[in-house]
Amino acid sequence: MATLSLQCNTPLTGSVVVPGDKSMSHRALMLGSLAVGETVVTGLLEGEDVLATAAAMRAMGAEIGRDDAGLWHIHGVGVGGLLQPRVALDMGNSGTSTRLLMGVIASHRITATFIGDASLSARPMRRVTEPLSTMGAQFTTAPGERLPLTMTGCCPAVPIRYVLPVASAQVKSAVLLAGLNAPGITSVVERIATRDHSERMLRGFGATVTVEDSPEGRIIAVTGEAELRPQVLTVPGDISSAAFVIVASLIVPGSDVTITNVGVNPTRDGLLRALIAMGGNIEILSPRTVGGEPVADLRVRHGALTGIEVPPEWAASMIDEYPILFVAAAFASGSTTMRGLEELRVKESDRIAVMAQGLAACGVSVDELPDGLIVHGRSGDAVAGGATIAAMLDHRIAMSFAVLALNATAAVTVDDAAPIGTSFPGFVALFQQLGAVAR
Ligand code: S3P
């Protein structure tokens, strides 16, 4: 296992770009594969999770390639046109690939087997098998409705109206993607708004998608037997990757960093709101729309942070950012309370437990709650550090402690940096560019 320890003796300075948005990259590959003709994507994330989606779409008949200029070309087969894969679909570490593709396959008459690494194989799939079974798909799973899993889709599938029991963009998207090839209207009701990249991109590809606010929540409906038109798409930088650079710049004294071309979709920007509420010096510059998504440049400067109570209703808009927010809270004055985070326990690792243990090992005082964490900040002082952290096959755990290490008295080592490649290739090089040293 490749260990990682970042250190820094100078402020972080400079202007950087972060890799493309992971959520949008998965969706671009899937929808491009379901359109008839050639879709061209600029800025696709070339992380392992997204490459797993590309390999699966190829295994089901799409032609997908990258040219020398870094553009991705997808020749789609049309909605309903996917072929039976001859091999098991290896999803690696990627929950998004798995759950969204289960939706895509649910309304195709094909059988597919999903396998994944130890982390993915421990994650719950019932949240998608349940609605997709109602639509007619059949599943054989490992105990506890986990991977390995074999499913047979159904065509014609039954359009459904599904009220999301958990705030999950993956479940919402799985049902909507299944609905693309079902005769009639498939709708999802969400009480709490989750990331809306599927809705935006489906519309961009020409699907009929309506979104309506009702007393029950947001109702998103897709008209089935859709014909998707190929697109030319630009994927902005991933705010979930920018999050590590943002927090690093806030906690390393003297830092002044600009991150250009970051997606700031309001269903994803909770971290910015939370850090600004904590007093973080973050400027949102040149807001613009690119390819139907809000984008901006972010200038972040070091400064004092104050602990707050983060409203639980913000959780969905920053669900992947809590590990790094816990790190920011460790450098604030006072305590930061973060609740409503049950979902964090079923991510790539149990992110509440793993972060609580790691922070405690680095000398940060925390109280673990069933649904969250209270972090008692050190008023900007360096944390003690001096620990080796087990990343647990979780990229965001690895990156969070790599960032914490930038303001620790004794070195903090992440035992396995490999998972970082799932979402943030070039993470170490980017921090070196800003002035950090990697060991
Ligand atoms: C994602 C949705 C979120 C998020 C994941 C990506 C997506 O998962 O944690 O990293 O692209 O739809 P949930 O929908 O399970 O909350």
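All ligand and atom numbering here is 1-based and tracks the order in the structure. Keep in mind the model is a prediction, meaning the values are calculated, not measured.
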* To do: With sequence neighbours excluded, tell me which residues meet ring pair (Phe, Tyr, Trp, His ring centres under 6.0 Å) with F424.
  => F427
* Structure fact -> Atoms of ligand 1 under 4.0 Å from any heavy atom of T96, numbered from 1 in the order shown, are 1 (C), 5 (C), 6 (C), 7 (C), 11 (O)
* Structure fact -> Paired with F114, the side chain to side chain contact (heavy atoms under 4.5 Å, CB included) test is passed by just one of I105, L120, T141, T150, namely I105
* Polar proximity ligand 1 side, A169 side, N/O cut 3.5 Å exclusive -> yes
* Which atoms of ligand 1 are found less than 4.0 Å from any heavy atom of S168? -> 13 (P), 14 (O), 15 (O)
* Contact check, K347 vs ligand 1, heavy-atom distance below 4.0 Å -> yes
* **Where at least one partner belongs to residues 138-154, residue pairs that pass salt bridge (charged side-chain N to carboxylate O under 4.0 Å, His left out), sequence neighbours excluded** => R126-E145
* Which is it for K172 and ligand 1 at heavy atoms under 4.0 Å: side chain, backbone, both or neither? -> neither
* To do: Please check if the side chain of D269 supplies one atom and the backbone of L272 the other of a donor-acceptor pair under 3.5 Å.
  => no
* Which heavy atom of the protein is the closest neighbour of atom 12 (O) of ligand 1, given with residue, atom name and distance? -> R27 NH2, 2.7 Å
* Determine, using heavy atoms of H197 and all atoms of ligand 1, whether some pair is separated by less than 4.0 Å. => no
* To do: Check whether any N or O atom of S173, backbone or side chain, sits under 3.5 Å from an N or O atom of ligand 1, and answer yes or no.
  => no
* Structure fact -> ligand 1 to D320, heavy atom cutoff 4.0 Å, flagged ligand atoms 4 (C), 5 (C), 9 (O), 10 (O)
* Exceeds 12 heavy-atom contacts within 6.0 angstrom, atom CD of E227 -> no
* Asked: Any salt bridge between E313 and R339, counting N to O under 4.0 Å?
  -> no
* Can R345 and D350 be counted as an ion pair, charged N to O under 4.0 angstrom? -> yes
* **Contacting atoms of ligand 1, where contact means under 4.0 angstrom from a heavy atom of I319** => 9 (O)
* Asked: Is it true that R351 and E343 make a salt bridge, defined as a side-chain N closer than 4.0 Å to a carboxylate O?
  -> no
* To do: Kindly confirm or rule out an N or O of R396 lying under 3.5 angstrom from an N or O of ligand 1.
  => no
